[in-house]
Every structure is written in C-alpha cells, then in structure tokens.
Amino acid sequence: MDLMGMDTLDVARWQFGITTVYHFLMVPLTIGLGVLVAVMHTMWVRTGRPEWLRMTRFWGRIYLINFALGVATGLVQEFQFGLAWSEYSRFVGDVFGSLLALEALLAFFLESTFLGLWIFGWGRIPKKLHLAALWAAVIGSIVSAYFIIAANSWMQHPVGVEVGDDGRPVQVDFGAVLTNNTALAAFSHAIVAALMVAGALLVGIGLWHLRKRKLAERPTTDVDHSVWRKSVRLGGFVSLAAFVLVAVTGDWQGKLMYQQQPLKMSSAEALCETEAPASFSVFAFGKAGSNECDDVHSFTVPYLLSYLAHGDFSTAVPGVNELQEEYAAVYGENYPDDPSFGDRAGRPIDYTPLLAVTYWSFRLMIGMGAVSAGVAAYALWATRKGRVPTSRIGVYGSLLAVAAPFVANATGWIFTEMGRQPFVVYPNPDVPVGEQVYFFTAQAVSPGVSTGEVWTSLIGLTLVYGALAVVELWLITRFVRRGITTGDGAPVPGSPPEGPPDDDVPGGRDSRADDDVLSFAY
Amino acid sequence: MDLQTVWFAAVALLWTGFLLLEGFDFGVAALLPVLGRRTADRHVMLRSIGPLWDGNEVWLITAVGAVFAAFPGWYATWLPALYLPFVLVLFGLIIRAVAFEWRHSHHTEAWDATWTRVITAGSLIAALGIGAALGATTLGLPIDVDGTRVGGPFAGLGWPALLGAVAVLGYSLVHGAVFLALKTDGPIRAAAHAFALRWAPVAAVPLLAWAGLVHLRYGTTATAVLWLVAALSVVVAWTRLRVGREGQAFAAWGAMLVAAAATIFGAAYPVVVPSTVDAAFDVTVASASVSDYTLTVMTWAAGIGLPVVLGYQAWTYWVFRKRLTAEPQHTADAEVPA
C-alpha cells in the first residue's frame, strides 16, 4: 500500500512523531506541576495555613488528571520501538533497552506506587509520611526523565560502546552512557523547561481567578484570594527563574551540538556557507518547500552565531553546503545497495535535515520561551504589593500564554529529533571514523510489518488521542472555571481538614471517608 | 548458571508477577457488569483496585522493558510479528488508564456508567491481547531466519494465541472474584465468593492446557512436577473457597498461576520464540541476548532495585488492606493503619 506516496518508513515516522509529541505535552506538566504541588503540600505541612492546603488540592487535581493521560500515552512508547522499529531495537539493544528497563524499575514503580499512596492516603497514614509519598512520586518522574533522556542522548551522541563483530554497538562503559554530556545538558534543560510549563499554568489561571473575583467584588482578605495570589506569585517567580536556567542550559546544549551534530545547528540557522564571524538569523524567508539552503534569505545579527556556537565573536561556523559534502565523503553519497534500506537502497543521502522544520522549530522554541518569561514578569509586576490586574488583555493574554511553554517544549524536541536526520543513531565525531557507531533512519523500520498495519495503528492512535485530548481539555477547563469549591460551602467530608495539620492521622474518620477521599483525589 | 539464564528467569518472574498482580484488577474490572449491578457495588469493586492497578501495570512495563533490555532479539521479533494484537492491547490499556482517573472527575450517573464500561472493555481487551501474545511466543510464531514474520498481519494469530487469550482471561476472572471476596464485605463479598466457587474449576482448564502443551512439547520431569503443583493448587483453592477461607484460596489460586507460568517458562527455555516455519529459526536465549557486560550491569541494578520495589509495593498493599463495603454504616473503621 502506498497511500499518499508514503511507505512504511514514512508512516512509522509520522506515528512516532505524533505519539511522542502528544505524550510530551503531558510530561513537562507532570514533572513541573508535580514539583510545585509537592512544594505547596510541604508548605501546608510546615505552616498549617489553609491556603496551602487548598492550593495543594486544586493544583493536585489538575496534576492527576494530566498524569493519567501521560501514563496512558507513555505505554505506547515502551512498545513502539519493537513494533515499528525492530531493526533499530536490534541494533541498539545492548545499550538502549537496559535504560528503558531501568526507567521502569527505578522510576515508574516509585511514581505509580507512591502516587497511589498519596491519592488514597489522605487520612490513612501520618501526614509527614503522606507528604513523603508525594515527593517520592515526583522524584520518580524526575528519575524517569533522566533515564529516557540518557537513552535519547545516546542516540544523539553514542558513547561507552565499541563496534561489535556484527557491526552493532557493544556496551563497554555504562558509566559513560549515564554521564554522557549530551544527556546531562538535555536533562537539565528539559527539567527547567518543565518548570516553565507549570509556572505559566499557575500564572494564567491564577490571574484569571483574581480578576474574576475582583470584578465580582469578592473580598481580598479571605483564604481563596490568598490561594490565587500565592499561585500567581509562585508561578511567576518559578517561570522567571526557570527561564534564566533554560537559557543557561540551552546555551550549554547548543555549544555541545555544534561539536556533536554541526549539521543540526547550521540547519537551525539555515546557514548555507561557512561564515567567520558568523551571524545569527532572526527571521528567514525563501522558497516554500525547498530544502535548498541557497533559496533561503534571512535577517541576521552579526557575530552572534559565533558566540552561541563557540563562546567568542570570531570563530568560523561551518555552513550546510560544506558539511553536506563532508558527511557524504565519510558516510557515502548513496545508501548502500542493500535490501535492509528498502526502497531507499542505492538512492542519494540528504545529510541536511528539513530546513523549514529545524529553522522554525528552533525559533518557536526560543520565542515561546521568551513569551512565557515576559508574561511571568508582567504577572509579577501587575500583582506587586497586593495589586490585582483587571486589564482584559493582560489577564486573558496570560491565560492564552499558558500554551506558550508547551509549544516551546514540543518544538524543542521536534528540532532535536528532526535535526539528527537522516541518522537515527548519530555518529560520534570524537570517535575515529572507522570505529564509529551509527545507523540510518532508513534501515530502522520493522521489515515484516506492512504499511497497512502501520496506517491502521497510526489512524487508530491519532483518533483515540484526539478524542482523549477533547475530554482532557474539557475536564481541566471545567475544573479550572469552577475553582475552589470548598471555600464557600460546607467542607467535603473525609477530605483533608482545613487548618493546621496535627500529629494525628489527618482526615475525618467518619464512615464515608473512603468514598470521599476520591472526591478530593480526582 | 550463566547470566542469560538468570535474565530469562528474571523476565519469567516479571511476567508472572504482572499476571499475579494485574490479573486480579483485570478480573475485577471484567466482572463489573456481572457482580456490580448496583452502583454502590460497582463503586466498592472499583475502590478495591483503585490504589493498586497502576502499580500493578508497571510490572507489565518492566517485563517488556526487561525483554528489550536482556533479549532485544526476542523483543524485536515478538512485537512486530504480533503488531496489530499488541496495538490492540495498547488501546485497551490506554482507555482503561484514563477511565480509572477520569471517572471521578465529573459527577453524573451517565458519566460514571460510561467510564465504568470503558474500564471493563479496556481490561478485557488487554487481558485477551496479552494472553494471545504470550500464548504465541511460547507455542510458535511464523518467523523466518531473520526473525521476520512470514505471511500477512494475522499470520501470527493461530490457535496458540487463542488458547493463551482464553487462559489469561479465565484465570483473571476467578482471581478477581477471589480478590473481591477477600477485600470486601457484605453482599458483594458473597456474590464474588459464589462466582469464584462456581467457575474456578472451568476457568483453570485453558491455563492448565496451555502449560500442559508447552510441557509436552519441550518439558522435563521438573516441569511435569510443576504442572501437577498447578493442577493441585486449583483443587486447594476450590476447597478453601468452600470452607470460606478466602485468604488461603487467593494464595492457592495465585500459586496455580505461579506454578503454571513456571511450567511454561521452564519448559520453553532456552527457546523464547519458537518458529512455526522451521525449528532452526527458533529465537533462543543465546541468539537474542545482549552482551555479558550489559547483563552484569543490569543484574546489579535489578539486584538492588527489585527488592526495594517489592518492599514498598508490599507495604502499600498492607496500608490498603482493610475490607471495603458498599454500606457505610457497616464500615468497620476502628482500626486505622498508621
């Protein structure tokens, strides 16, 4: 089947892209919001102030609704390397699989077991142990991020291996795989980027509620006011601090990439010819759909690219055209005439990633991150000394800008993954050419699986994911609009008590506790 | 014993642990329309597995991860050969996972009923699909010398897949019923008890048949003994149920699963995917394995990590050990675990 001119490889790539980007909408929110909810819960246990408890309840519930979809879509990831990418799995088996297994063993168990304990543990276990359960789950998420990024970074920059007799990598140094500089940079970048997602959510929703309350002339002295105000302040500070760290870690990662995958970075700039000193492109225009570098023209900032790449204002940055020739000379003009390359056997290799994708995803990532930081700064300024902003543009703009760090996270990964094409495992330039481990995407797909099968799963998964996104957004929107429901009515029985936590087991031990604990949890 | 054998045993242990734990939550979910006709009963059933199902499911992720980590040749042969069944399993697990969490996020009866049905459907699909995949990997898949599937998308779905599917579902249904009898009180406990007592002898047949077939094909004296232990455990489980000892019945039914799984994995070793095309194409522990270095690294990690995981997971079972009831006034709440 050759529907829309796409073969199994193309369909499998779309499937991986769609399912992974979708999954990664939940992941940064899980990581970032998990940390912030744990902070809120800690503040409640320490201070006993009711606003911290209400914040824990409100944001905790959004965290859980989101977590469910993250877990569900994460399952697909564990299976699809085998399902659609069996030759990739065989090739990288000595390194990649063990990182996934360790992620499950050391992170997923921690996450799922202790989150269950946190959800159902209100009123059942001592308060400090209950708080520790949430922290354990949050640490599980972060450990999980580390292992999966170490696995991804090994594809970007394979270390700790030698070429085995069958041409496949054989692991010789697990420590090197875990301390891959690519992984350390990408992990720190991803974690702080996740905090920006959570910060933006707190700011956007908090400002909206503050404004709504002010227009309704609700008091500014009650607990609920304090809930939204503290949410905005916490979210704003976290966003701004995270943005600084995102820039620092991104710069580190960028400089590494200029050494490890120069074509990715030159493609990010649509830099055709080698420049010394090199200029940073701000905006580009060219022939739509053309992957010819020379068709692109852009507005540039002189010297800046040399600085981003090498930390000075003069060093040359190699251009796409020169790099394409260099790679072709080392790794071949054409794919080998081997059946494992399918239809692509013997065809020319384009070492340049899709320029439109790398160039614009890189700019969207930076731009949306900056938008987020701008909104956070606005929110902190607008709420200074107890003020409540009522500007429609400011508040609704901040609400809309909740999407910005999600876009930044997604485009960052799209850039990283599209930028390493046509390789799925990129050759490590620190290793002598004959001893390098590398693998083309074109040879990674499962040979026995038909295009029809992959179309079936792609369409099926996309439809289910789409439907789930509608329900998830509806649930979260509805919940967010309603705000905190317990503040103005009778307290929900069985849910955690208002007021200072005592050293006894918290929670009403009335007969309906089991049922009602769920009304908190979900 | 070499490390490849250790890891084959570890993979067998993880799959067994997954079936032992997730088996009862699959079963409880599948029994919702049977035993949970009243809303209150359904809620008790869901509450009994609510805090546990997610942790149970991680056993599956770890089992699949361990297959990939230790035997990429097995992972890369097995999954694409059964592409559509595995995708179906994923659908089942996805809708089930979100349904568990989202069911509580909106309070209308129609919403509750819809997501409850989704939990049942997802669990049924997942249990059947995983059973089919395991049945096929122990009794044969049409693979060539490169481990690539021969034939169309459904070539891997022969009678072994069907047998595995029915076996896992039958086992899970009774496991879930005994779990409910153990974990709840009141009418739901009686209904679950009656269901288990009636169906246990029938539900064990496909699993015992599957284990028996793998034993007949590859087995040794040791696996014959294991098979007998499995068969005997069914009798023990049934008699313990008759006298109302639900805890012992649950243990015996679990022992049946463990012994049957041990029969299957023990007999199949060292073959991990038998080829129905030619026995020379069988994927074995040796041909599928990673290097000794990687196995050593993982042995250290699992040796330290697994006991810790078992410890805290057991502890959460203990925290949530109290019996649940549909009638609030009957709740024996005096004892608070701390």
Side-chain angles (χ1 to χ4, degrees), chain A residues 64-65 68-69 71-73 75-76 78-79 81-83 86 89-90 93-94 97-98 100-106 108-109 112-113 115-117 119-121 124-126 170-172 174 446-450 452-453 456-457 460 464 468 471 475 479 505 509 511-512 514-515 518-519 521-522, chain B residues 43 47 50-52 54-55 57-58 61-62 64-66 68-69 72-73 75-81 83-84 86-87 90-91 93-95 97-98 100-102 104-106 148-149 152-153 290-291 293-294 297-298 301-302 305-306 309 312-313 316 319-320 324 328-329 331 333 336-338:
Chain A
L64 290 173
I65 293 173
L69 195 52
V71 167
T73 54
L75 279 165
V76 176
E78 175 93 1
F79 286 77
F81 298 108
L83 288 170
S86 67
S89 301
R90 284 180 207 281
D94 209 38
S98 49
L100 292 197
L102 289 178
E103 182 190 18
L105 182 69
L106 302 178
F108 291 160
F109 273 121
S112 60
T113 308
L115 200 59
L117 199 65
I119 294 169
F120 291 87
R124 284 171 181 272
I125 51 175
V170 178
Q171 187 163 234
V172 292
F174 181 65
S446 300
V449 174
S450 65
E453 279 169 279
T456 307
S457 57
V464 170
L468 295 181
V471 179
L475 277 176
F479 179 70
V505 173
R509 295 308 306 166
S511 56
R512 291 181 45 77
D514 279 321
D515 251 344
L518 295 177
S519 61
Y522 296 110
Chain B
H43 287 179
R47 257 163 50 202
L52 308 175
D54 194 9
E57 201 159 284
V58 178
I61 300 173
T62 310
V64 174
F68 190 5
Y75 177 79
T77 302
W78 187 26
L79 271 70
Y83 187 93
L84 290 180
F86 270 114
V87 170
L90 291 174
F91 278 115
L93 293 174
I94 289 170
I95 59 174
V98 295
F100 267 117
E101 311 283 339
W102 288 355
H104 305 284
S105 299
H106 183 56
T148 303
R149 186 188 65 211
V290 294
S291 66
Y293 174 81
T294 299
V297 169
M298 289 205 306
L306 201 57
V309 168
Y312 64 65
Q313 214 175 20
T316 57
V319 168
F320 296 112
L324 307 169
Q329 62 272 25
T331 312
D333 244 0
V336 177

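Within every chain, numbering begins at 1; the chains are lettered A, B, ... in the order of the sequence lines, protein sequences first and strands thereafter. No experiment lies behind these values; they were computed from the predicted model shown.
In this structure, chain A has heavy atoms under 4.5 Å from both the backbone and the side chain of B/Ala302. For B/Leu306, the parts lying under 4.5 angstrom from a heavy atom of chain A are both the backbone and the side chain. A/Val71 touches chain B through its side chain: at least one heavy atom from C-beta onward sits under 4.5 Å away, while N, CA, C and O do not. Residue contact with chain B, scored on non-hydrogen atoms closer than 4.5 Å, involves the side chain of A/Ser446 exclusively. Contact annotation for A/Phe81: both backbone and side-chain heavy atoms come within less than 4.5 Å of a heavy atom of chain B. With a threshold of 4.5 angstrom between heavy atoms, A/Leu115 does not approach chain B through any atom at all. Heavy atoms of B/Val309 lying under 4.5 Å from chain A belong exclusively to its side chain. In this structure, the portion of A/Val464 lying under 4.5 Å from any heavy atom of chain B is its side chain and not its backbone. In this structure, the portions of A/Leu75 lying under 4.5 Å from any heavy atom of chain B include both its backbone and its side chain. Contacts of A/Leu69 with chain B are made by both backbone and side-chain atoms, with heavy-atom separations under 4.5 Å. At a 4.5 Å heavy-atom cutoff, the contact between A/Leu102 and chain B is made by side-chain atoms alone.
Formation of a donor-acceptor pair under 3.5 Å by the B/Tyr83 side chain with backbone atoms of A/Val449 is not found in this model. Panel note: side chain B/Thr316, backbone A/Leu117; no donor-acceptor pair is recorded below 3.5 Å. Between the side chain of B/Asp54 and the main chain of A/Ser112, no donor-acceptor pair closer than 3.5 Å is present. Side-chain atoms of B/Gln313 never come within 3.5 Å of backbone atoms of A/Thr113 as a donor-acceptor pair (strictly under, hydrogens ignored). Between the side chain of B/Tyr293 and the main chain of A/Phe174, a donor-acceptor pair closer than 3.5 Å is present.
Ring-plane geometry between A/Phe120 and B/Phe320 is classed as perpendicular, the angle between the planes exceeding 60 degrees on a 0 to 90 degree scale with a lower cut at 30.
With sequence neighbours excluded, no residue forms a salt bridge (charged side-chain N to carboxylate O under 4.0 Å, His left out) with A/Glu103.
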### Task
Determine, stepwise, if the pair A/Arg90 / B/Thr77 fulfils side chain to side chain contact (heavy atoms under 4.5 Å, CB included).
CA-CA 9 Å; A/Arg90 284 180 207 281; B/Thr77 302; 3.2 Å; yes

### Message
Walk me through whether A/Leu83 and B/Leu90 qualify under side chain to side chain contact (heavy atoms under 4.5 Å, CB included).
### Response
CA-CA 11 Å; A/Leu83 288 170; B/Leu90 291 174; 4.1 Å; yes

### Query
Under the side chain to side chain contact (heavy atoms under 4.5 Å, CB included) criterion, do B/Val87 and A/Glu453 qualify, and how do the steps go?
CA-CA 10 Å; B/Val87 170; A/Glu453 279 169 279; over 6 Å; no

